[in-house]
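One structure is given here, and the rest of the page talks about it.
Heavy-atom basis, side chains included; hydrogens, waters and symmetry copies ignored.
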Amino acid sequence: MSGWLKAGLIGLGILVVLGLLGLIPFVGLCVIPLRWIVYVAVGVLAASYMLHPRDTGEAAKQGALAAVIASAGGGLVNLVITLIGAATGGAAQFTQILQEMPPEVMQQLRDSGIPPELLFGPGGNAAGGVAAIGGAAICGSMCCVGGIFFAAALGALGAWIYANSKSN
């Protein structure tokens with residue numbers, strides 16, 4: 001097994017644990033910067049698995065690949081967690097918050113071209129749970145794809161720095 005794949009799978013395991021820890025309300029705030037640190041660490045780990053002498057360009061490439069593996073797997077796990085949360089009550093809380101919005105805000109949304117059915121579902125009632133789950137799926141997917149590019153950059157940076165400092 002190649003070094004970057006090992007590093008990516010180790011990072012994936014760490015990101016799955018962080019995703020599960022993110023379900024705890026206060027701990028969830030601390031998880032986001034820890035993910036960024038994991039991406040850099042995965043890049044460093046991938047570069048450390050390289051044979052001597054370490055080429056910085058090749059190290060950055062392997063660090064990016066390892067971080068992409070970790071981020072894609074971790075992002076899918078987080079997407080599933082988000083969808084389960086939306087399906088089991090998060091959508092109901094979302095529609096309740098929307099129903100408590102002042103009428104002026106709802107009028108501003110209508111004036112800007114956003115129909116209430118988009119937020120609440122047909123008839124403007126609290127049946128918008130399906131819409132909230134769909135919104136969570138779309139938003140989670142976009143975040144997952146964006147996170148992969150961000151992780152690749154951080155993994156490449158970590159590997160590049162490590163290869164520069166430990167070239168021999």
Side-chain angles (χ1 to χ4, degrees), residues 1-95 97-98 114 118-119 128-167:
M1 179 183 300
S2 62
W4 63 267
L5 185 58
K6 272 194 263 186
L9 293 176
I10 290 169
L12 171 61
I14 294 169
L15 289 174
V16 167
V17 170
L18 286 177
L20 294 173
L21 285 175
L23 293 172
I24 302 170
F26 179 72
V27 176
L29 295 173
C30 302
V31 166
I32 294 171
L34 288 176
R35 286 183 186 150
W36 301 340
I37 293 169
V38 168
Y39 298 144
V40 174
V42 163
V44 168
L45 189 60
S48 73
Y49 286 148
M50 290 179 65
L51 299 175
H52 300 293
R54 291 182 184 95
D55 177 46
T56 55
E58 185 64 25
K61 181 177 124 184
Q62 289 194 15
L65 286 172
V68 163
I69 295 292
S71 177
L76 288 175
V77 168
N78 284 330
L79 178 61
V80 169
I81 290 171
T82 301
L83 291 176
I84 290 171
T88 59
Q93 292 173 348
F94 177 71
T95 55
I97 290 170
L98 287 175
I114 300 174
L118 183 65
L119 301 175
V130 175
I133 293 170
I138 291 169
C139 183
S141 299
M142 289 173 36
C143 288
C144 185
V145 170
I148 289 172
F149 289 111
F150 185 67
L154 288 178
L157 179 67
W160 182 80
I161 290 172
Y162 183 82
N164 266 339
S165 65
K166 304 264 185 176
S167 60

Fill in the blank from the handout: Ala59 and Ala163 have their tightest heavy-atom pair at CB-CB, 3.5 Å

Completion exercise
Rounding to 0.5 Å, atoms CD (Gln62) and CE (Met50) come to a distance of 4.5 Å

Problem - Sidechain-backbone polar pair: Ser165 side chain, Tyr162 backbone, donor-acceptor under 3.5 Å - result: yes

Fill in the blank from the handout: Rounded to the nearest 0.5 Å, the CD1 atom of Ile81 sits from the CG atom of Leu76 at a distance of 11.0 Å

For residues 2-20, which side-chain donor-acceptor pairs fall under 3.5 Å, sequence neighbours excluded?
unit_1, atom_1, unit_2, atom_2, d
Ser2, OG, Trp4, NE1, 3.2

Would you tabulate the side-chain donor-acceptor contacts of residues 21-47 under 3.5 Å, counting partners in other chains and residues two or more places apart, or write 'none'?
unit_1, atom_1, unit_2, atom_2, d
Arg35, NH2, Asn78, OD1, 3.4

